[in-house]
Structure formats: structure tokens, C-alpha cells
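Both backbone and side-chain heavy atoms feed into the values below; hydrogens, waters and symmetry mates do not.
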Amino acid sequence: DGLLGETLTGIHGNLVIAGVDSWSPASLTVSNAAVGFAEGFRLLPAGTVAVTGAGSMLVLQPGAELACGGDLVLTNGASMMVYSGPTNGVPGDCGAKVDVTGTLRIATNCWVYPYARGTDDSAPLFNVGSLRIAPGGGFNANAAGYRESLGCGKGGGPGAWCAGAGHGGKGGRGSATTYLEGKAYGSTFAPQAPGSGGGDYLKARVGARGGAGGGVIRIVAVREARVD
């Protein structure tokens, strides 16, 4: 724990320390820095974690874990990215976990990006005491679901005029009737699976690949979840 200070500034990259797979600082501030923690790393601050400054990022690589004993605060244009690792394949399993004993506070112009693994249903899970989101901030899971041509509702293809993916509803059918639209799947009230990817035209051709599906945002709040 003495290798790093509790304020990380001016760092842009992943922190990898040979033989070290966890860190338990009293608190942590990421200021004007973009700091990533390696796959499987456990970040265990006893107190508050603050990420602050335009362009500042806290990144959890696939399967990394953050367990924060205080608040987790994003301010002044900061962001957080959480990437899911593999799971045992049970629906709803989390491939990355963020535990916040206090309040997860997301200020205006601050965003949390939860990325599903892209090849199965695994996605990050946020367990928080409370959640407070200011206007103009929040969670963004655009194109953070299944990769192209993957998922329960994947669009038909490959070939010309491929079909769109489904999830909450059916996808759009391609002009070639050979390629059927992606089917609807999942729960309306408690969705667990990420969105599926669209059908491919040609994988090897730039601009001819299907789009990724939308991600899934999994939050469990013990006390309250407030979006202003």
C-alpha cells in the first residue's frame, strides 16, 4: 500500500505492479489523470473515492473490482469505465463489480460507462448505498452490449442487406428476405441481458459491419436512487 499515494495526478495509463493484485488506501483521489486498474485487480479504499477534472477517468479493466467504504464521487467532467470479464454463464452474473457503501454521486457532465463483455450476458454490477445523479450526468451504455452478429436477438447475416438486432422488440428485417430480423427477448421490467448486435455485411470490410448492441445498466441501491 505504500507504493502509491492516495492522490493520483498526471497519470495516463494502466497501473500494473508485479505480484500485487489489490490495494487498500484510506481514500483515493484521481485528479486530471486517466488511471486504469488491470484485469482482476481489487481496489479497496476504506473511505471516499473522488474522480475530478475534465478528461479524468477511472478505468476498471475486465473483471476488476472496486469496493469503496465511503462515497464514490465524479465531478468536473470526470468519467468512469467498467469493463466486464467472463462469468460462468448464469444469466444475470456480473463480470465486474463496483460496491459503494456510501453514495455514488455523479455530477453534471460526468458519466459512468458500463461495458458488457460483448460475447455473453456478463455485465458490470453496481451495489450502492445510495445513488445521486445531477442533471446532464449519468450512466451511458450506448453500443456497450453484444458485438455484431452476437446475442439472443442478433440480426441475420452475413451478406447484403442484413437485418437489425432485437431486444425489447424485434429488429428491422433486411431487404434480402434471407436474413431475418433479430427476435425480442428478455424481461420488460427487470432486463438482465445486454442488447444484441446487428447483422454483418462483410466482417473484413470497413463500414460494413453490424453495430454493437446497447448495454445493460445494473444498479442495486440499498437506500435511494435519485435522478435530478
Side-chain angles (χ1 to χ4, degrees), residues 1 3-25 27-46 48-69 72-74 77-90 92-100 104 106 110-128 138-148 150-151 192-195 197 212-220:
D1 289 350
L3 293 175
L4 296 171
E6 294 176 3
T7 297
L8 303 179
T9 185
I11 298 174
H12 293 82
N14 291 323
L15 291 179
V16 179
I17 302 174
V20 177
D21 60 5
S22 67
W23 182 34
S24 304
S27 62
L28 178 64
T29 298
V30 177
S31 176
N32 298 311
V35 181
F37 289 90
E39 184 171 352
F41 192 87
R42 300 179 70 230
L43 180 59
L44 310 170
T48 293
V49 174
V51 187
T52 181
S56 290
M57 289 187 292
L58 176 62
V59 181
L60 300 182
Q61 298 294 352
E65 176 185 348
L66 168 61
C68 172
L72 172 56
V73 182
L74 276 63
S79 61
M80 179 178 183
M81 298 181 178
V82 183
Y83 292 88
S84 182
T87 65
N88 60 11
V90 176
D93 270 2
C94 63
K97 190 164 64 171
V98 176
D99 292 330
V100 181
L104 171 53
I106 305 174
C110 295
W111 295 93
V112 176
Y113 299 91
Y115 288 92
R117 188 168 180 237
T119 56
D120 55 35
D121 280 358
S122 63
L125 173 65
F126 295 80
N127 292 309
V128 302
F139 284 77
N140 186 335
N142 290 345
Y146 274 94
R147 298 172 188 166
E148 72 280 354
L150 293 176
Q192 293 289 332
V216 57
I217 299 171
R218 298 172 175 168
I219 304 168
V220 177

Exercise. Trp111 versus Ile106: any side-chain heavy-atom pair under 4.5 Å?
Worked result: no

Exercise. So do Val112 and Val98 actually touch side chain to side chain, heavy atoms under 4.5 Å?
Worked result: no

For this session: Identify the heavy atoms of Gly63 and Ala96 that sit nearest to each other, and give their distance.
Result: N-CB, 4.4 Å

For this session: Just do the side chain to side chain contact (heavy atoms under 4.5 Å, CB included) check on Val30 and Met57 with the steps written out, would you?
Result: CA-CA 8 Å; Val30 177; Met57 289 187 292; over 6 Å; no

Exercise. Minimum heavy-atom separation for Pro86 to Ser122, with atom names?
Worked result: CA-OG, 4.4 Å

For this session: Check whether any side-chain heavy atom of Leu15 sits under 4.5 Å from a side-chain heavy atom of Phe41, and report yes or no.
Result: no

Problem set entry | Full working for side chain to side chain contact (heavy atoms under 4.5 Å, CB included) between Leu43 and Val49 | CA-CA 10 Å; Leu43 180 59; Val49 174; 5.7 Å; no

Problem set entry | Which atom of Gly145 lies closest to which atom of Ala116, heavy atoms considered | CA-CB, 4.1 Å

Exercise. So, does Thr9 use its side chain to make a donor-acceptor pair with the main chain of Ser31 at under 3.5 Å?
Worked result: yes

Exercise. Does Phe37 reach the side chain of Leu66, with side-chain heavy atoms less than 4.5 Å apart?
Worked result: no

Problem set entry | Atom of Pro194, atom of Asp120 and distance for their closest heavy-atom approach | CG-O, 4.2 Å

Exercise. What heavy-atom pair brings Arg147 and Arg117 nearest, and what distance separates the two atoms?
Worked result: NH2-O, 3.7 Å

Exercise. Out of curiosity, Asn14 CG to Glu39 CD, how far, rounded to the nearest 0.5 Å?
Worked result: 11.0 Å

Problem set entry | Spatial distance of atom CG (Leu60) from atom CZ (Arg42) [nearest 0.5 Å] | 12.5 Å

Problem set entry | Val100, Val82, Ile217 screened by side chain to side chain contact (heavy atoms under 4.5 Å, CB included) with Phe126, the one that passes | Val82

Exercise. Distance-only, no hydrogens or angles: does the Ser56 side chain make a donor-acceptor pair with backbone N or O of Ala33 under 3.5 Å?
Worked result: yes

For this session: Taking all heavy atoms of Gly77 and all of Cys110, pick out the closest pair and write down the distance.
Result: N-SG, 3.4 Å

Exercise. Are any non-hydrogen side-chain atoms of Met80 and Val51 less than 4.5 angstrom apart?
Worked result: no

Exercise. Just wondering, do Pro124 and Ser84 contact through their side chains at under 4.5 Å, heavy atoms?
Worked result: yes

Exercise. Where do Tyr113 and Asn142 land on the side chain to side chain contact (heavy atoms under 4.5 Å, CB included) test, with the steps shown first?
Worked result: CA-CA 9 Å; Tyr113 299 91; Asn142 290 345; over 6 Å; no

Exercise. Quick one: OG1 on Thr52 to CG on Asn32, what's the gap to the nearest 0.5 Å?
Worked result: 7.0 Å

Exercise. What distance separates Leu72 CG from Leu28 CG, expressed to the nearest 0.5 Å?
Worked result: 9.5 Å

